[in-house]
Amino acid sequence: MTGEAPATTTAVTDPVPPFLQVDGLIKRFGSRTAVDNVSFHIAEGETYGLLGPNGAGKSTTISMICGLAEADAGDVQVGAHRIGTKTTAGRSDIGFVPQEIAVYPDLTARENLKFFGELYGLGRARLRTRVDEVLEVIGLSDRADDRTDDFSGGMKRRLNIGLGLLHSPRLLILDEPTVGVDPQSRNAILGSVEELGQSGLAVLYTTHYMEEAERLCDRVGIIDEGVLIAEGTRRELTDLIGGTDGIAIELDAEGESLIEAIRTVDGVIEAGGHEQHLQVVASSAAHTLPAILRIVGEGGRSPRSVTVTEPDLEAVFLHLTGKALRD
């Protein structure tokens with residue numbers, strides 16, 4: 001019996017729409033344009049960083065996204081809702097953590113969370129559960145019943161983040177959340193933000209610290225003088241300045257030169273050095289290093305140390321603006 005095979009079809013999956021869509025935001029204060037035609041989007045589960053110096057327009061942009069300031073032009077959409085100063089739909093999907101610490105010093109951490117939870121309209125049972133969950137997320141369960149005027153600056157900052165999380169938002173906006181905290185508290189805050197992004201939240205994170213943007217953010221928008229001058233992944237941004245990686249390999253012993261073999265590896269731009277010390281310039285260390293180490297092993301040698309140096313966002317900012325990030 002003969003016949004044609006049944007036709008098969010391949011489903012086409014539409015890309016997931018962004019949860020936050022910012023289009024052409026403009027905000028003027030008199031003759032000064034604080035935000036100049038800024039557009040970007042964030043998907044759920046993505047952490048997007050706005051990186052720029054103080055006065056770049058980050059906080060003004062956030063104020064418009066939260067509906068706290070009216071844009072002179074442009075649109076903000078959160079989920080299915082357009083956000084503005086006169087709208088309420090969609091606001092409950094936003095958790096906002098401002099630069100200023102918004103906790104009551106004469107209340108305990110638990111009492112602060114309960115008070116703000118009641119403002120959000122959370123029911124008693126739900127509020128009790130969320131308070132315990134949030135205290136766990138921000139690492140303050142053991143200090144839940146201590147007054148916050150006894151807290152360090154870093155602990156107050158973590159509680160500030162907890163207030164923004166209390167009502168289970170789908171978009172969390174953090175405006176310079178590590179300003180003025182000690183290194184240990186800063187690391188705890190960054191760890192919490194990393195976990196929140198991995199949990200499926202859309203996260204908008206503003207900072208003027210390049211290392212925070214590199215650690216936390218899936219994509220980064222570089223903003224200066226109100227203009228979003230570039231955006232992309234870290235690699236996409238460093239590629240704007242011809243980004244290459246440097247690889248330094250110290251070998252365990254002298255032996256036959258491996259340089260010519262390493263030069264044949266796809267992605268290696270140049271290789272040099274001597275028997276025990278190799279210097280390689282590559283388009284991407286992540287892609288070339290396994291092949292290089294394989295050549296080392298096949299040559300009967302072992303690496304004593306491997307050091308990779310990469311271009312960073314500080315260099316990108318300097319290239320794009322002609323000034324250092326903290327100027």
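What you see is a predicted model; the values in this text were computed from it and never measured.
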When you compare the side chain of [Y] with that of [X], does any pair of heavy atoms fall below 4.5 Å?
{"X": "L174", "Y": "F96", "result": "no"}
{"X": "L228", "Y": "I222", "result": "no"}
{"X": "Y205", "Y": "E212", "result": "yes"}
{"X": "T108", "Y": "D146", "result": "no"}
{"X": "P18", "Y": "I42", "result": "no"}
{"X": "I94", "Y": "V78", "result": "yes"}
{"X": "L113", "Y": "L159", "result": "yes"}
{"X": "I161", "Y": "V137", "result": "no"}

Worked check of side-chain contact (heavy atoms from CB on, under 4.5 Å) between I62 and L204: CA-CA 9 Å; I62 281 179; L204 174 57; 4.2 Å; yes

Side-chain donor-acceptor pair present, [X], [Y], cut-off under 3.5 Å:
{"X": "Y209", "Y": "E176", "value": "no"}
{"X": "R130", "Y": "S168", "value": "yes"}
{"X": "D224", "Y": "T321", "value": "no"}
{"X": "T33", "Y": "D36", "value": "no"}
{"X": "R124", "Y": "T129", "value": "no"}
{"X": "Y48", "Y": "E231", "value": "yes"}
{"X": "D23", "Y": "Q21", "value": "yes"}
{"X": "R215", "Y": "N187", "value": "yes"}

Answer yes or no: does atom [atom1] of [X] have more than 12 heavy-atom neighbours from other residues, nucleotides or ligands under 6.0 Å?
{"X": "H287", "atom1": "NE2", "result": "no"}
{"X": "E136", "atom1": "CD", "result": "no"}
{"X": "D145", "atom1": "CG", "result": "yes"}

Determine, for [X] against [Y], whether the closest basic-nitrogen to carboxylate-oxygen distance falls under 4.0 angstrom.
{"X": "E270", "Y": "R263", "answer": "yes"}
{"X": "R186", "Y": "D182", "answer": "no"}
{"X": "R110", "Y": "D132", "answer": "yes"}
{"X": "D175", "Y": "K58", "answer": "no"}

Option among T206, V35, V76 that satisfies the side chain to side chain contact (heavy atoms under 4.5 Å, CB included) test with T61: V35

Result of checking V38, V22, T60 against I65 for side chain to side chain contact (heavy atoms under 4.5 Å, CB included): V22

Determine yes or no for a side-chain-to-main-chain donor-acceptor pair under 3.5 angstrom, with [X] supplying the side chain and [Y] the backbone.
{"X": "E298", "Y": "G300", "value": "no"}
{"X": "R28", "Y": "A34", "value": "no"}
{"X": "T87", "Y": "I83", "value": "no"}
{"X": "R170", "Y": "G95", "value": "no"}
{"X": "D93", "Y": "P169", "value": "no"}

Give the minimum heavy-atom separation between [X] and [Y], together with the two atoms involved.
{"X": "A43", "Y": "A202", "value": "O-CB, 3.5 Å"}
{"X": "T148", "Y": "P105", "value": "OG1-CA, 3.2 Å"}
{"X": "A230", "Y": "L320", "value": "CB-CD1, 3.7 Å"}
{"X": "R82", "Y": "G74", "value": "NH2-O, 3.8 Å"}
{"X": "V181", "Y": "S185", "value": "CB-CB, 4.3 Å"}
{"X": "R143", "Y": "D150", "value": "NH2-O, 4.1 Å"}

Separation between [atom1] of [X] and [atom2] of [Y], rounded to the nearest 0.5 Å:
{"X": "R147", "Y": "D106", "atom1": "CZ", "atom2": "CG", "value": "5.5 Å"}
{"X": "R157", "Y": "F151", "atom1": "CZ", "atom2": "CZ", "value": "15.0 Å"}
{"X": "I223", "Y": "H208", "atom1": "CD1", "atom2": "NE2", "value": "14.5 Å"}
{"X": "I138", "Y": "N160", "atom1": "CD1", "atom2": "CG", "value": "9.5 Å"}
{"X": "L51", "Y": "E214", "atom1": "CG", "atom2": "CD", "value": "9.0 Å"}
{"X": "E70", "Y": "S63", "atom1": "CD", "atom2": "OG", "value": "12.0 Å"}

Chi angles and distances behind the salt bridge (charged side-chain N to carboxylate O under 4.0 Å, His left out) call for R304, D252: CA-CA 5 Å; R304 185 173 291 163; D252 60 339; over 6 Å; no

L313 and V220: CA distance, side-chain angles, deciding distance, side-chain contact (heavy atoms from CB on, under 4.5 Å) verdict: CA-CA 9 Å; L313 296 180; V220 174; 4.2 Å; yes

Are [X] and [Y] in one and the same hydrophobic cluster, where Ile, Leu, Val, Met, Phe, Trp and Tyr link if side-chain heavy atoms are under 4.5 Å apart?
{"X": "I173", "Y": "V103", "value": "no"}
{"X": "I249", "Y": "V268", "value": "yes"}
{"X": "L196", "Y": "L163", "value": "yes"}
{"X": "V316", "Y": "V308", "value": "no"}
{"X": "L237", "Y": "F40", "value": "no"}

side-chain contact (heavy atoms from CB on, under 4.5 Å) evaluation trace for H41 with R219: CA-CA 10 Å; H41 66 271; R219 290 185 301 122; 3.7 Å; yes

side-chain contact (heavy atoms from CB on, under 4.5 Å) assessment of V131 paired with K114: CA-CA 7 Å; V131 167; K114 287 177 66 176; 4.0 Å; yes

Aromatic plane relationship, H167 with Y120 - under 30° parallel, 30 to 60° tilted, over 60° perpendicular: parallel

